[in-house]
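Reviewing the structure listed below.
Residue numbers start from 1 in every chain, and the chains themselves are labelled A, B, ... in the order their sequence lines are given, proteins ahead of strands. Source: prediction; values computed, not measured.
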Amino acid sequence: QVQLQQSGPELVKPGASVRISCKASGYTFTSYYIHWVKQRPGQGLEWIGWIYPGNVNTKYNEKFKGKATLTADKSSSTAYMQLSSLTSEDSAVYFCARSGGNYGAMDYWGQGTSVTVSS
Amino acid sequence: DIQMTQTTSSLSASLGDRVTISCRASQDISNYLNWYQQKPDGTVKLLIYYTSRLHSGVPSRFSGSGSGTDYSLTISNLEQEDIATYFCQQGNTLPPTFGAGTKLELK
């Protein structure tokens with residue numbers, strides 16, 4: 001079965017960077033997009049960008065350019081998102097999600113990774 | 001960016017009720033409308049894609065409809081496990097954008 005397993009919660013200091021991982025299993029990693037989505041406490045969902053592991057093409061929401069960097073390791077079927085120059089505005093739960101490119105739907109989601117930015 | 005509006009932020013219903021949740025796009029999204037369920041533990045699942053197509057494993061009591069800018073999700077016979085927050089998302093134009101969510105609670 002399709003699974004996306006994300007790394008654990010992070011507590012980081014303002015100005016630092018953090019890398020979150022998303023390990024895929026149960027399907028061909030290189031044939032589907034991996035999206036990243038942000039959710040602040042009590043708020044809605046915000047799309048950060050996607051990576052296509054087959055050719056490592058990426059697409060970012062303009063709002064997150066310079067903040068998020070998406071990468072993927074085909075050998076371990078793992079996608080990564082690095083967030084840099086962290087502020088309190090980056091405190092959120094971050095989800096990875098898979099899509100096949102059809103209809104823009106994200107059909108399987110990771111469990112989410114909580115990032116808290118605090119000194 | 002396309003704005004997605006869910007005018008009802010919370011909704012109370014009883015078990016067995018028929019519940020409808022609405023979503024409006026700021027422009028025509030040509031049926032590229034998807035619905036997600038987020039449980040209280042944070043787990044997110046796709047329910048419906050392309051307005052009315054049921055994702056694999058989703059119970060048939062869930063259905064979707066709409067066109068143009070107006071869409072809806074209907075739960076025909078509310079069960080305890082359906083208590084969650086529901087988000088719509090447009091997949092017509094990048095960036096994908098989500099509604100603010102409708103929280104479904106038991107009356």
Side-chain angles (χ1 to χ4, degrees), chain A residues 1-6 8-9 20 22 26-27 32-52 57-65 67-68 70 92-116, chain B residues 1-10 21 23-25 29-58 62 64 66-67 71 73 84-103:
Chain A
Q1 71 282 23
V2 174
Q3 286 192 322
L4 297 173
Q5 183 64 39
Q6 296 186 229
I20 300 167
C22 171
Y27 72 98
Y32 291 81
Y33 295 82
I34 293 287
H35 299 253
W36 291 88
V37 176
K38 177 182 182 180
Q39 185 174 38
R40 298 199 68 193
Q43 309 259 326
L45 300 162
E46 201 169 11
W47 181 75
I48 296 170
W50 57 245
I51 184 166
Y52 188 72
N57 274 358
T58 55
K59 183 74 174 178
Y60 293 91
N61 186 331
E62 285 292 326
K63 180 178 177 180
F64 290 93
K65 283 184 177 178
K67 170 62 65 178
L70 306 183
V93 175
Y94 294 87
F95 293 94
C96 62
R98 185 190 87 155
S99 82
N102 297 327
Y103 312 111
M106 300 169 209
D107 57 0
Y108 292 94
W109 292 60
Q111 81 275 24
T113 295
S114 173
V115 174
T116 303
Chain B
D1 298 357
I2 295 176
Q3 305 303 312
M4 304 301 294
T5 302
Q6 294 179 245
T7 51
T8 302
S9 58
S10 65
I21 296 169
C23 175
R24 173 168 287 175
I29 55 172
S30 301
N31 291 105
Y32 287 88
L33 190 284
N34 309 307
W35 289 98
Y36 300 89
Q37 176 194 66
Q38 184 172 36
K39 289 287 187 74
D41 68 357
T43 305
V44 179
K45 291 185 177 178
L46 172 67
L47 295 175
I48 287 173
Y49 64 99
Y50 198 57
T51 297
S52 59
R53 299 186 184 183
L54 215 59
H55 180 52
S56 175
V58 175
F62 290 92
S67 63
Y71 299 84
L73 170 72
T85 300
Y86 293 85
F87 295 92
C88 61
Q89 174 244 325
Q90 65 83 16
N92 185 62
T93 306
L94 287 176
T97 46
F98 295 83
T102 297
K103 186 175 183 179

Side chain from CB out, backbone as N, CA, C, O: work out which of these in [X] comes under 4.5 Å of a heavy atom of chain B, or both, or neither.
X: A/K59; result: side chain
X: A/Q39; result: side chain
X: A/F95; result: side chain

| Contacts of residues 43-50 of chain B with chain A (heavy atom under 4.5 Å) | B/V44, B/L46, B/Y49, B/Y50
| task | Indicate yes or no: at least one non-hydrogen side-chain atom of B/P95 is less than 4.5 angstrom from one of A/K63. | result |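 They are not in side-chain contact.
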| With sequence neighbours excluded, what pairs up with B/K39 under the salt bridge (Lys or Arg N to Asp or Glu O under 4.0 Å) test? |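 Checked B/K39 against salt bridge (Lys or Arg N to Asp or Glu O under 4.0 Å); zero matches.
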| Side-chain donor or acceptor of B/N34 paired with backbone N/O of A/Y103 under 3.5 Å | yes
| field | Closest heavy-atom pair and its distance - A/M106, B/F98 | value |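 Scanning both residues, the minimum pair turns out to be CE-CZ, 4.0 Å.
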| message | Using a 4.5 angstrom heavy-atom cutoff, name the option from B/R53, B/Q6, B/K103 with the most pairs to chain A. | response | B/R53
| Part of B/Q38 within contact of chain A (heavy atom distance under 4.5 Å) |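 The answer is the side chain of B/Q38.
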